[in-house]
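Report on the structure given below.
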Amino acid sequence: MTAQLINGNALAQQVRTEVAHRVSALKSHGVQPHLAVILVGEDPGSQVYVRNKVADSEQTGLNATLERYPASLPQEELLARIAILNADPSVHGILVQLPLPKHMDANLVIEAIAPEKDVDGFHVASAGALMVGQPGFRPCTPYGCMRMLESIGMKDLRGKHAVVIGRSNIVGKPMAMMLLAANATVTICHSGTADLAALTRQADIVVAAVGKRNVLTADMVKPGAVVIDVGMNRDDAGKLCGDVDFAGVQNVAGWITPVPGGVGPMTRAMLLVNTLEAAEAAKT
Ligand code: GUN
């Protein structure tokens, strides 16, 4: 069997089109959605990410401002800047790109963002809201994965077993919460979980979010399962690849997300959704 692809580029384009329509509606009510992006330091990966976030926003009609600071910025100055953005009614979303320089406490910085502007969904208030089933911003990567599942008709996951490999605060844990909220049975694993394959072979849905190549191979997948690959790695030839051995797993899975062109574009699209919804909420 050859798995069907879940095309993240095409689905993200659909999401951006929806966002653009809603942005137009907001603008006709005199509200210009605005995302403030803060980058501290010179991390090359982060520079690409923030540039893309700003470009995506502008293409969708959202205002995005990028503030760049040197890695030597004192933490108090960053906190003071966040306080100003929190109080500015023309700013609807605040995103502080991670990682931050070593002298900063990322948790403290994230908690300084007003929860109603936390479009990354990283604040403890956002995580808590997700945990208890209240409205709040959902972290963009797992939120995008849920949209990908919905796009293949998997919205109510009652009776489905989902296995999440990886338990980061920004992907694995919120992913598990969102799957639970959709009524799935959920197992959260570590990449070092004993006999991981025995668990993944039971799964109707596998989400691989470890950050290591070949975490999931064909022998670990139930025929017909849905495989979502959150990984972003480089292979020996320097080519972008995920956590999943795509060449092998595509012969077993029913659906699979590619890397690139899978979860990545959806993560970017869901940030636009969160920013738009922050602006919609501020209007009312
Ligand atoms: N660094 C890597 N991914 C992300 C993300 O989604 N948001 C932020 N703020 N930083 C990141």
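All values below come from the heavy atoms of this structure, side chains included, with hydrogens, waters and symmetry mates left out.
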Hey, are Arg147 and Glu18 close enough for a salt bridge, meaning a charged N less than 4.0 Å from a carboxylate O?
yes
What I want to find out is whether Asp243 reaches Lys212 closely enough, with some N-O distance under 4.0 Å, to be called a salt bridge.
no
Check whether any side-chain heavy atom of [X] sits under 4.5 Å from a side-chain heavy atom of [Y], and report yes or no.
X	Y	answer
Leu272	Val15	no
Val206	Ile165	yes
Thr60	Thr17	no
Leu179	Met146	yes
Asn86	Ile84	no
Cys145	Val230	yes
Val226	Ile152	yes
Thr185	Lys160	no

According to a 4.5 Å side-chain heavy-atom criterion applied to Ile, Leu, Val, Met, Phe, Trp and Tyr, with indirect links allowed, do [X] and [Y] form part of one hydrophobic cluster?
X	Y	result
Val96	Leu271	no
Leu62	Val54	no
Leu39	Ile170	no
Val221	Ile256	yes
Met154	Ile6	yes

Pairs flagged by side-chain hydrogen bond (donor to acceptor under 3.5 Å, both in side chains) wherever residues 126-138 is involved - sequence neighbours left out:
Asp118-Ser126
Can you give me the closest heavy-atom contact between [X] and [Y], atom names plus distance?
X	Y	value
Thr65	His34	OG1-NE2, 2.8 Å
Asn7	Asn9	OD1-N, 3.0 Å
Ala87	Pro89	O-CD, 3.2 Å
Gln75	His103	OE1-O, 4.1 Å
Ala129	Pro135	CB-O, 3.7 Å
Pro33	Leu26	CG-CD1, 3.7 Å

Donor-acceptor contact present, side-chain [X] to main-chain [Y], <3.5 Å:
X	Y	answer
His29	Val31	no
Lys27	Gly61	yes
Asp204	Ala225	no
Asn183	Leu157	no
Asn274	Val119	yes
Thr193	His190	yes
Ser46	Glu42	no
Glu111	Val124	yes

Would Asp229 and Val263 count as a side chain to side chain contact (heavy atoms under 4.5 Å, CB included) here? Give the steps.
CA-CA 7 Å; Asp229 190 349; Val263 173; 5.7 Å; no
From [X] atom [atom1] to [Y] atom [atom2], the distance as rounded to the nearest 0.5 Å:
X	Y	atom1	atom2	answer
Arg201	Leu196	CZ	CG	9.5 Å
Tyr49	Leu98	OH	CG	11.5 Å
Ser168	Met175	OG	CE	11.5 Å
Ile94	Arg81	CD1	CZ	9.0 Å
Asp88	Lys117	CG	NZ	6.0 Å
Ile38	Leu95	CD1	CG	8.5 Å

Could you go through Asn169 and Phe122, starting from their C-alpha distance and side-chain angles, then the distance that decides it, and tell me whether this counts as side chain to side chain contact (heavy atoms under 4.5 Å, CB included)?
CA-CA 8 Å; Asn169 291 335; Phe122 293 173; over 6 Å; no
What residue among Thr187, Val163, Val227 forms side chain to side chain contact (heavy atoms under 4.5 Å, CB included) with Thr200?
Val163
Go through it in stages, so that I can follow the logic: the residues are Arg213 and Asp235, the test is salt bridge (Lys or Arg N to Asp or Glu O under 4.0 Å), and I'd like the CA-CA distance, side-chain angles, deciding distance and then a yes or no.
CA-CA 8 Å; Arg213 283 161 61 191; Asp235 68 13; over 6 Å; no
Please enumerate all residues that pass side chain to side chain contact (heavy atoms under 4.5 Å, CB included) together with Arg22, with sequence neighbours excluded.
Leu276, Glu277, Glu280
Check side chain to side chain contact (heavy atoms under 4.5 Å, CB included) between Asn107 and all other residues, then give those that pass, not counting sequence neighbours.
Asp105
For Lys53 and Asp56: C-alpha separation, side-chain torsions, deciding distance, then whether side chain to side chain contact (heavy atoms under 4.5 Å, CB included) applies.
CA-CA 5 Å; Lys53 287 170 185 177; Asp56 287 348; 5.6 Å; no
Distance alone, cut at 3.5 Å: any donor-acceptor contact between the side chains of His92 and Thr275?
no
Apply side chain to side chain contact (heavy atoms under 4.5 Å, CB included) to residues Leu85 and Glu67 and explain how you reach the verdict.
CA-CA 11 Å; Leu85 294 170; Glu67 301 184 14; 3.9 Å; yes
For Arg68, side chain to side chain donor-acceptor pair (under 3.5 Å) partners two or more places apart
Gln47
Checking Asp195 now: which residues fulfil salt bridge (charged side-chain N to carboxylate O under 4.0 Å, His left out) with it, not counting sequence neighbours?
none
Among residues at least two apart in sequence or on other chains, which ones pass salt bridge (charged side-chain N to carboxylate O under 4.0 Å, His left out) with Arg234?
none
